[in-house]
Amino acid sequence: MTAIIALSLFGISNLFLGFWFPRKTIQLVTLLFLVVSMALTVSDWNHELLWFGNMFRTTNTSINFSLIIQLAAFFVVAFSKAFGQDDEHTHPAEYYAIMLFSVVGAILMVSFDHMIVLFVGLEILSVAMYVLTGSDKRNLRSNEAAIKYFLMGSFTTGFLLFGITLVYGATRSFYISNIGTILTTTAPESMPSFLFIGVLLIIVGLLFKVSAAPFHFWTPDVYEGAPTIFTMFMSTIVKTASFAALFQLVSGIFGSLYTVWVLPVYFISMLTLVVGNISAVYQQSVKRMLAFSSISHAGYLILTVSSKQISTTSSILYYSLSYTLATVVAFAVLILVSEYQSARVEKPENFSSFEGLAKNNPGLALCFSISMLSLAGIPLTAGFWGKFFIFSDTFSRNIIYPVILAILMSAVGIYYYFKGIIAVYLKAGEIEKIEVPTLFKMALWACTLGTIILGIYPSLVKSVF
Amino acid sequence: MEISNIWYFLSALTLLSALMVIMSKNPIHSVLYLVFTFFCISAHYVLLNAQFLMAVNIIVYAGAIMVLFLFVIMMFDLKKNIPESKSSLTKLAGSVVAGTLLVILIAIVRKNNIPAPLGDKFNSQTGMVENLGQVLYGEFLLPFELVSILFFVAMVGAVLLGKREAGERNF
């Protein structure tokens, strides 16, 4: 709980630090801030409490989600090599400050106990993301992405708000625990029927943020247009936070309205899997492929949303962690390669610019391949166990057909993830040795090692969740 | 006149002016209709006994934000004809989706008995500034403070996007 206060103060002090310190120092200080806030988050462990007039709830699940979010933010900051070309022309303090603030929003979204807090958290996260998406000011694609994200995002916020209003009208409460009690104690037939519309509208509003299939049209353009470092931020933090909020609402308080949302949710999940995976096959750009892959991973996660078992919560946490580690590495290598190629080829983010990476950069090639293997779900990587836990959980609840489809689709996934590995190892190309800063290299290896360790000893983390 | 008649009149007016916002060809007219819509909504706040919200709504939305809107529209070149960007299929799909939602909402309103107003039990002081302040600084302290972070992010973002940075590439 103290983490949100600390992060807000850190964000403000970051802005002041920007006056005096060079870029390198501010990056290190931001990393330190995130470590401190992670420690503060951990200090709430096993204290299941309500804070601030019952609006903010800390449970071990919410703490785990907050930790994954802050870990992702930590790696994004570590990978933020340069905001600009040299010290004179850049203002990195603002970027770091906005990142810290958006982490506050994300933490609110995983530990709210009041609809208003959910809404404010979502807005803090979204507004920060609109700004960061458009921060490459001279790039037309970035501007287009920001406008697109902003318009679509604020439109769906309207859906979420309308849903919250209808649920409030039906239950006369904003408090999650109150709504849960009211919904479980009264028969659904005696509730006003606009309650069901409200529930579906809230689900739609959040599914937009996790970019599930009928609401995914913004994702490829926005992910491609945004600077890669912020695409990394979006595809890990925004996704985890929105999914945590969705899971908490759907499996928690709306659990008794199972019949209302179960069909739409499974339909959306299957559609997301098909659209995400099939479209990813046709992409030439690695960045766009990763955008579609993030859509398909949302599909796997939505499969689990209807379960109330404790084991499901831990599967989701495990999946989020493994997905975060792998995605962060993939984008980090993409940053290095596309930066190297930007002066040499026309489209530096295509698969073709990865060709021959292994020859002079064996380390980068290895990290990239391991992250691709993990995203594809190959054994001995974290991604395999993530998928395994989710599929076995869903299967044990007798949901057969969506799981079969998901397994088929993850086989499709192997195709496009291996396209990257083939480009790196088997294709001939000329890439000289790419200079990697020390901090960047350390973070890269930390994530890769994390992926492998989680793949070999999944119980290491699974026992904590 | 009955209070509910005023409500019906106001609602019809609100819907009409909101429709005119999206239907009028001239953007300046759109903005003026939008101002009118905000005034109608403020009148609704008065009916709901929320005078402070009414005042804030007029000052912030009808005042500040609409002036900004007008400025932006004046800066655009309105003479230029912007070609229709959406295909008729997209338009059709949009109309079908929106129409379905409208039908569902109307069906729900007709199906449910709208609860009667509270009448005498209603506390007439609810929407007053003093009570609002007590709620904001008491029960709703956390969201109230969080909104300040939201505005701060928006402010920093505006400065960040507006600031001129030398050099060719920012990333």
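A, B, ... follow the sequence lines: proteins, then strands. Residue 1 opens every chain. Side-chain atoms are counted along with the backbone in the values below, which use heavy atoms only and exclude waters and symmetry mates.
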Any heavy-atom pair between the side chains of A:Ile124 and B:Phe152 that's under 4.5 Å?
no
So CG of B:Leu105 and CZ of A:Phe194: to nearest 0.5 Å the spacing works out to 11.0 Å
Any side-chain heavy-atom pair from B:Val153 and A:Ser102 closer than 4.5 angstrom?
no
If contact means a heavy atom pair closer than 4.5 Å, which residues of residues 136-149 of chain B contact chain A?
B:Glu139, B:Phe140, B:Leu142, B:Pro143, B:Leu146, B:Val147, B:Ile149
Give a yes or no on whether A:Leu140 atom CG has more than 12 heavy-atom contacts from other residues, nucleotides or ligands under 6.0 Å away.
no
Contact part of A:Phe162 toward chain B, heavy-atom cut-off under 4.5 Å: side chain, backbone, both or neither?
side chain
Please identify, among B:Gly157, B:Ala158, B:Ala107, the residue contributing the most non-hydrogen atom pairs under 4.5 Å to chain A.
B:Gly157
Could you tell me which portion of A:Leu125 (side chain, backbone, both or neither) has an atom closer than 4.5 angstrom to a non-hydrogen atom of chain B?
neither
Just wondering, more than 12 heavy atoms not from A:Phe150 lying within 6.0 Å of its CZ?
no
Heavy-atom distance under 4.5 Å to chain B: side chain of A:Ile335, backbone, both or neither?
neither
Residues of residues 141-149 of chain A near chain B, each having a heavy atom less than 4.5 Å away
none
Closest non-hydrogen atom pair between A:Glu94 and B:Leu160, with its separation
CB-CD1, 3.2 Å
